[in-house]
Engineer: 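Before I ask anything, here is the structure I am working with.
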Amino acid sequence: MAVMYESTRNKKERVSASQAILKGLAEDGGLYVPETIPSFDIEWEKLSSMTYQETAYEVMKLFFGDFTEEELKACIHGAYDDKFDTGEIAPLVKKDNAYYLELFHGRTIAFKDMALSILPYLMTTSAKKNHVNNEIVILTATSGDTGKAALAGFADVPGTSIIVFYPKNGVSPIQEKQMLTQKGENTDVVGIIGNFDDAQTGVKKMFNSAELAKRMNEKGFQFSSANSINIGRLVPQIVYYVYAYGQLIKQGEISGGEKINVVVPTGNFGNILAAYYAKNMGLPIEMLYCASNENKVLYDFFCTGKYDRKREFILTSSPSMDILISSNLERLIYHIAGEDSDKTKALMEALASQGEYEITPAMREKLSCFAGGYATEEETKKNIKKVYDGTNYILDPHTSVASHVYYDMAETSGVKTVIASTASPYKFTRSVMEAIDKEKYDGMTDFELVDELNKISGVKIPAAIEEIRTAPVVHQLVCDKDEMQNTVENILGL
Ligand SMILES: *Cc1c(COP(=O)(O)O)cnc(C)c1O
């Protein structure tokens, strides 16, 4: 029987996997969760000899039961091919007794590629299965990494188009250039005069407008979302934890069945939730360390059982973790509430209206496999330098947050620990190089720093960076935050 999906806010809203992928968010505002988390029964010996693609199929077939074997394999092989700069797709690198799971070998050199390279295939296959003939218009607001990864994933995918809004003055120069040079007939990138919240709010408004949906449908369009709440992004992220476990066995680091820990640099709680699902499927994971930067809402939550977003938003050197509302936490809340959608709904409504909620002692007990940790800006920088000095390995700031938490909390646990490494240092060159030697690199341009990083690390400059040195800017639309819908209507010719 294929696993069905239900909304965290209304158990009765049940849909198939392909419908959940198409819709993204449930109509009641809840998130789709599998009605039961399937368990896998792969022998350890066999797992250790499986390729990334084979592992992906074994995991995804359990969650995407309404896809045929042929459909699912076509999605997997379309996504995980030579777009990745290594056949391993997600290499596991041992440094100083920790195992860094490098999730940044895809086209945009951040871990978002792990899921956004397959989402377009899952989406178009789902559309076909559900006899959707409209063109799927992906509408996304981004503060940096998601926008580029989604653009790269959907560019020139038949039956889809993508429109990305970003805050004109709120992303890094490299991130902006990555988006503005995006090729593809079906891609549009729009800078807005406003901040990320304005972009997000404008996008949500369009999603929720029945009037707009009706006019779009008349012209053969419908919206969908590439946001990390889509199960089409969550499930592909479970794969690399299973794969990493197989690699640990293969490399002779653990024996089959031995427990491991994972440390995950966390923002919207998608990546670490995938590790939690892997654990619940039967992967021997002991502890899940949730690593935050100075926006440490989740650290406080795991320490106290109280989620409180009423605090100052801090801009850090790990911008993809600068977030005060971690959307995917709602799924964990639902599971620890005993799959009680009324309770989950009440807590989420409290978060929206009062900015906080507190879970019950019984719910807290179910969180014993989680521990929260965090790194300050100073600690993040120091850790980049420490790991570089000790091992010659260079971490990006997001991974450094997790690595700091590893040294702080997991190093002496006696359990082998995997650290999710979420971005290439080349994506955040300035922060990284300044952490290593501020005086020496002060005043250099971004591309001079790229060359310096190449010199000291010996790591090849990724194609994603080489491309934008010379690529022409092809997107120049800018609009006011109140003009977003008009802009979309013009693009679509409504
Ligand atoms: C998105 C992102 C994160 C946070 O992942 P979540 O799934 O949102 O918790 C961490 N690091 C990098 C580099 C990212 O792009």
Side-chain angles (χ1 to χ4, degrees), residues 31 90 100-117 119 140-153 166 171-172 174-175 178-179 196 200 226-238 240-241 262-278 288-299 301-302 316-332 370 372-375 380 384 395-405 419-429 431-432 462 464:
L31 275 54
Y100 290 89
L101 178 59
E102 295 187 347
L103 303 173
F104 54 76
H105 288 272
R107 267 189 306 210
T108 75
I109 60 177
F111 103 98
K112 304 290 191 291
D113 290 324
M114 299 306 296
L116 280 165
S117 53
L119 184 67
T140 299
T142 183
S143 59
D145 287 343
T146 297
K148 176 62 188 184
L151 283 163
Y166 73 98
V171 299
S172 82
I174 288 194
Q175 284 175 322
Q178 275 192 306
M179 290 191 278
F196 171 66
Q200 177 103 314
N227 188 296
S228 82
I229 44 101
N230 194 310
I231 61 137
R233 278 188 62 181
L234 185 61
V235 172
Q237 293 175 0
I238 301 172
Y240 47 73
Y241 290 105
V262 299
V263 189
V264 186
T266 298
N268 219 8
F269 209 77
N271 198 356
I272 194 168
L273 185 76
Y276 174 76
Y277 277 13
L288 300 143
Y289 293 96
C290 174
S292 300
N293 64 23
E294 289 181 0
N295 295 291
K296 58 181 185 57
V297 197
L298 289 164
Y299 168 79
F301 171 73
F302 285 114
T316 73
S317 59
S318 44
S320 301
M321 296 158 67
D322 290 344
I323 192 155
L324 294 179
I325 303 180
S326 296
S327 318
N328 275 295
L329 186 67
E330 177 167 344
R331 289 189 164 107
L332 179 65
F370 281 95
Y374 73 98
T380 305
I384 291 176
L395 306 176
D396 96 283
H398 301 76
T399 309
S400 183
V401 167
S403 169
H404 171 84
V405 168
I419 299 171
S421 180
T422 51
S424 158
Y426 280 104
K427 196 152 190 175
F428 300 94
T429 318
S431 306
V432 169

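We count ligands from 1, going down the list as the structure has it; atoms in each ligand are counted the same way. Note that this is a predicted model, so its numbers are computed, not measured.
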Engineer: Indicate yes or no: does an N/O atom of His398 lie under 3.5 Å from an N/O atom of ligand 1?
Structural biologist: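 No; every N/O pair is 3.5 Å or more apart.
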Engineer: Looking at Phe370 versus Tyr276, is the centre-to-centre ring distance below 6.0 Å?
Structural biologist: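 Under 6.0 Å, so yes.
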Engineer: Check ligand 1 against Gly270 and write out every atom of the ligand that is under 4.0 Å from a heavy-atom position of the residue.
Structural biologist: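 Atoms satisfying the 4.0 Å criterion: 6 (P), 7 (O), 9 (O).
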Engineer: Of all the atoms in ligand 1, which lie at a distance below 4.0 Å from a heavy atom belonging to Thr422?
Structural biologist: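 In order of numbering, the contacting atoms are 10 (C), 11 (N), 12 (C), 13 (C).
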Engineer: Compute the centroid of each ring, for Tyr374 and then for His404, and state whether the two points are separated by less than 6.0 Å.
Structural biologist: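 That pair fails the under 6.0 Å test.
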Engineer: Given side chains that start at C-beta, do those of Cys290 and Phe301 come closer than 4.5 Å, heavy atoms only?
Structural biologist: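 In short, these two side chains do not touch, never coming nearer than 4.5 Å.
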Engineer: Measuring only between side-chain heavy atoms, which start at C-beta, is Ser292 closer than 4.5 Å to Val401?
Structural biologist: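 No, side chains not in contact.
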Engineer: Give me the residue, atom name and distance of the protein heavy atom closest to atom 6 (P) of ligand 1.
Structural biologist: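 Atom 6 (P) of ligand 1 sits closest to the protein heavy atom Asn268 N, 3.5 Å.
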Engineer: Specify the closest pair of heavy atoms between Ala90 and Leu103, including all atoms of both residues, with the distance to one decimal.
Structural biologist: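 Looking at all heavy atoms of both residues, the closest pair is CB-CD2, 4.0 Å.
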Engineer: For ligand 1, which atoms have a heavy atom of Pro265 less than 4.0 angstrom away?
Structural biologist: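 Answer, ordered by atom number: 4 (C), 10 (C).
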Engineer: Numbering the atoms of ligand 1 from 1, which are under 4.0 Å from a heavy atom of Phe269?
Structural biologist: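 What qualifies from ligand 1 is 6 (P), 8 (O), 9 (O).
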Engineer: For ligand 1, indicate whether the residue Lys112 contacts it via side chain, backbone, both or neither (heavy-atom separation under 4.0 Å).
Structural biologist: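 The answer is the side chain.
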Engineer: Mark up the atoms of ligand 1 that fall under 4.0 Å of a heavy atom belonging to Ala423, in ascending order.
Structural biologist: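 Every atom of ligand 1 under 4.0 Å from some heavy atom of Ala423: 13 (C).
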Engineer: Quick one: are Phe111 and Ser421 in side-chain contact, heavy atoms under 4.5 Å?
Structural biologist: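 SC-SC contact between Phe111 and Ser421 ruled out.
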Engineer: Any nitrogen or oxygen of Gly267 lying under 3.5 Å from a nitrogen or oxygen in ligand 1? Just yes or no.
Structural biologist: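 Yes; at least one N/O pair falls below 3.5 Å.
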Engineer: If you count the atoms of ligand 1 from 1 in the order shown, which ones are under 4.0 Å from a heavy atom of Phe111?
Structural biologist: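 Selected atoms, number and element: 1 (C), 2 (C), 3 (C), 5 (O), 7 (O), 14 (C).
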Engineer: Would you find more than 12 non-hydrogen atoms of other residues, nucleotides or ligands less than 6.0 Å from Tyr299 atom OH?
Structural biologist: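 Open.
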Engineer: Using side-chain heavy atoms (C-beta onward) and a distance below 4.5 Å, is Leu234 in contact with Tyr277?
Structural biologist: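 A side-chain contact exists here, since the closest heavy-atom pair is under 4.5 Å.
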Engineer: Near Thr266, which atoms of ligand 1 are under 4.0 Å from a heavy atom of that residue?
Structural biologist: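 Answer for ligand 1: 9 (O).
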Engineer: Could you list the atoms of ligand 1 found under 4.0 angstrom from a heavy atom of Asn271?
Structural biologist: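 Listed by number with element, the hits are 7 (O).
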